[in-house]
Amino acid sequence: LILQSLIFALGLVLIFVAIIGMQQAIKRSQAHEQDLQEHNRQLKKVMTTLEERISDRTSEITRQKQFFEALVLNSPIAIVTLDNEGQILSCNPAFEALFGFQQDEVHGRYLDQMISTPGTRMAAASLTQQVLGGETVEQSGLRQRKDGTAVDLEIYGVPVILDDQQ
């Protein structure tokens with residue numbers, strides 16, 4: 001009977017120890033869950049702040065882009081942009097008015113072949129190569145319009161470098 005009582009008491013002690021262990025594990029789990037919830041709240045706050053900053057910066061970039069596009073579109077100076085191969089990417093309305101070409105006619109074509117005369121083609125190509133090589137050029141020159149009439153003009157070529165790339 002004593003042995004049975006001891007075994008029973010030992011069983012109760014083990015059950016009690018197991019219950020205390022489970023209670024402690026539950027408390028640790030609850031504390032861990034509260035920590036995770038707090039970290040989650042902090043992360044959401046940081047994410048909201050980052051989203052607001054990204055939105056603000058995106059708006060500023062959009063405004064700057066629109067501003068520079070408006071400058072080019074409204075400039076009384078004929079402006080044409082070329083890719084690194086010398087092909088036309090875009091031109092502004094002043095270019096269209098001066099040379100008689102529309103944007104869709106010039107896109108992808110070589111500027112020097114379109115507006116230089118046979119006598120000025122090599123000099124025009126040389127200027128283009130200088131600009132494509134990273135130099136700024138300024139020179140007077142003779143070019144021709146779509147209808148073949150000659151036009152004297154001041155030529156400015158400026159490489160556009162963004163993020164150390166032309």
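Residue numbers start at 1 and run along the sequence shown.
- In this structure, the side chains of Phe101 and Ile115 come closer than 4.5 Å at one or more pairs of heavy atoms.
- Look at Glu60 and Arg57 and you find no salt bridge, because none of the NZ, NE, NH1 or NH2 atoms lies under 4.0 Å from a carboxylate O.
- Evaluation of the salt bridge (charged side-chain N to carboxylate O under 4.0 Å, His left out) test over residues 82-106, restricted to residues two or more places apart or in two chains, returns Glu105-Lys146.
- Summarising the geometry, atom CZ belonging to Arg109 is positioned 13.5 Å from atom CG belonging to Leu82; distances are rounded to the nearest 0.5 Å.
- Side-chain contact between Val80 and Val106: absent, with no pair of heavy atoms (C-beta onward) separated by less than 4.5 Å.
- Shortest non-hydrogen contact noted between Ala94 and Pro76 is CB-O, 3.6 Å.
- Legend: ring-ring contact (aromatic ring centres under 6.0 Å, His included) pairs involving residues 56-95, not counting sequence neighbours, sorted by first then second residue: Phe95-Phe99.
- In this structure, Leu153 and Leu98 have side chains that are in contact, with non-hydrogen atoms separated by less than 4.5 Å.
- In this structure the side chain of Val151 never reaches within 4.5 angstrom of the side chain of Leu142, judged on heavy atoms.
- A 4.5 Å side-chain heavy-atom check between Thr117 and Gln144 finds at least one atom pair inside the cut-off.
- Between Ile54 and Thr58 there is a side-chain heavy-atom pair separated by less than 4.5 Å.
- Other members of the cluster containing Leu12 are Phe8, with ILVMFWY side chains joined at under 4.5 Å, either directly or via other members.
- Checked by atom type and distance alone, the side chain of Arg121 pairs as donor or acceptor with a backbone atom of Ser116 at under 3.5 Å.
- Side chains of Glu38 and Gln42: a donor-acceptor N/O pair is present below 3.5 angstrom, by distance only.
- Between the side chain of Asn40 and the backbone N or O of Leu36, no donor-acceptor pair lies under 3.5 Å.
- The shortest side-chain heavy-atom distance between Asn92 and Ser75 falls under the 4.5 Å cut-off.
- Residues Leu132 and Pro159 fail the side-chain proximity criterion, which asks for heavy atoms closer than 4.5 Å.
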